[in-house]
Amino acid sequence: MVNPNIQGKRYPRSAAYLVGREKIREFARATFASEESIDLAAAIASGHSDLVAPPTFPIVLQEFGLKLVIADPEAGLDFSRVVHGEQKFVFQRPIVAGDLLTSELSVASVKSLGGNHMVVFDTEIFDEGNSLVCTAISTLVVRGEDA
Amino acid sequence: MPEISELTIGDVIAEKNFNLDRDSLVRYAGASGDFNPIHYRDDVAVSVGLPGVLAHGMLTMGLSIDPVVSWLGDAGKILEYGVRFTKPVVVPAKGRAVITVVAKVAELDPETKKVRIDLQTSFDGNNVLGKSQVWVQL
């Protein structure tokens, strides 16, 4: 179950997260990225200030916001009944090592569908200058009690 | 960097197989911070009614875009990437699950040099991601 009244709710901004070069390498290798994609000289030759994070790396920041939802008694989200339905990342610019990021999650919608709930979370990720870097959009399906 | 003028809708720009074993899942759990035990413990997976230990959906999503990043030569050219999780990938305790990714050109905008690449990610003959679309800037 999930409380439909949390639609529109914004959760507090996360603490600052410093994107580390070796964290990028670790995440990239864990997602089977090529060694070329984590070559510093190649990243600089492409005009970046440091290594570029893999496209799905913002999931790490989305997770901070989701933890707040799970801990929120008002949301009443039973995480044991949650299935990841959809995920999307929209970039304003790439995330690079050295970025100091914060994220803020809001509940875009809560819909009821055949005994299940579909909850859409938008996580906006900002840099140190408070410019939007990326939006992570996650749809979770919360299975109903009899599903 | 590929040239937009050389691309045609339907072109296969990359095709790659990935071998997932339990080590892959543990490595991804550590790198991502997703330690849900259904991704490494058979007893927990079975107790919640799953057919076995599953790969993280985000691991499948993450590896599926690797052929596109390699084709571009720069992950910074990815503008947007979205998927729907349609089927689980069961990873056995011994052996491995083989995932195949085919990336095709789906839409071209010569004005803005933006290209949509559609990904087909399959395991055991079934597509495991739906509506898997990437927008890139050439």
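Chain letters run A, B, ... following the sequence lines, proteins first and then strands; every chain starts at 1. The figures here come from the full heavy-atom set of this structure, side chains too, leaving out hydrogens, waters and symmetry mates.
Counting only heavy atoms from C-beta outward, the side chains of A:Val19 and A:Phe57 approach each other to under 4.5 Å. Counting only heavy atoms from C-beta outward, the side chains of A:Gln92 and A:Glu124 never approach each other to under 4.5 Å. A 4.5 Å side-chain heavy-atom check between B:Leu119 and B:Tyr81 finds at least one atom pair inside the cut-off.
Using a 4.5 Å cut-off between heavy atoms, A:Gln87 touches chain B through backbone and side chain atoms alike. For A:Ser37, the part lying under 4.5 angstrom from a heavy atom of chain B is the side chain only. Of the atoms belonging to A:His84, heavy atoms from both backbone and side chain fall under 4.5 Å from chain B. If you measure heavy-atom distances from B:Val69 to chain A, the contacts under 4.5 Å come from the side chain alone. When heavy atoms are compared at a cutoff of 4.5 Å, A:Ala53 approaches chain B solely by way of its backbone atoms N, CA, C and O. Proximity to chain B is absent for every atom of A:Glu36, based on heavy atoms less than 4.5 angstrom apart. At a 4.5 Å heavy-atom cutoff, the contact between B:Asn19 and chain A is made by backbone atoms alone. Both the backbone and the side chain of B:Ser32 come within less than 4.5 Å of a heavy atom of chain A. The part of B:Ile65 that comes within reach of chain A is its side chain, from C-beta onward, which places non-hydrogen atoms under 4.5 angstrom from that chain.
For B:Thr86 (side chain) and B:Val128 (main-chain N/O), a donor-acceptor pair under 3.5 Å exists by modelled atom type. Of the possible donor and acceptor atoms, none in the side chain of B:Arg116 sits under 3.5 Å from a partner among the backbone N and O of B:Ala106.
Contact count against chain B (heavy-atom pairs under 4.5 Å) is highest for A:Ile59 among A:Val60, A:Ile59, A:Val96. Between chain B and the residues A:Ala45, A:Gly85, A:Ala33, A:Ser46, the most heavy-atom pairs under 4.5 angstrom are made by A:Gly85. Interface check for chain B: of the options A:Phe91, A:Phe27, A:Phe89, the most heavy-atom pairs under 4.5 Å are formed by A:Phe89.
Of the charged side-chain nitrogens involved, none lies within less than 4.0 Å of a carboxylate oxygen, so that B:Arg27 and A:Glu26 do not count as a salt-bridged pair.
Between the side chains of A:His48 and B:Asp74, at least one donor N or O lies within less than 3.5 Å of an accepting N or O. For A:Gln62 and A:Ser138, the side-chain atoms include at least one donor-acceptor pair closer than 3.5 Å.
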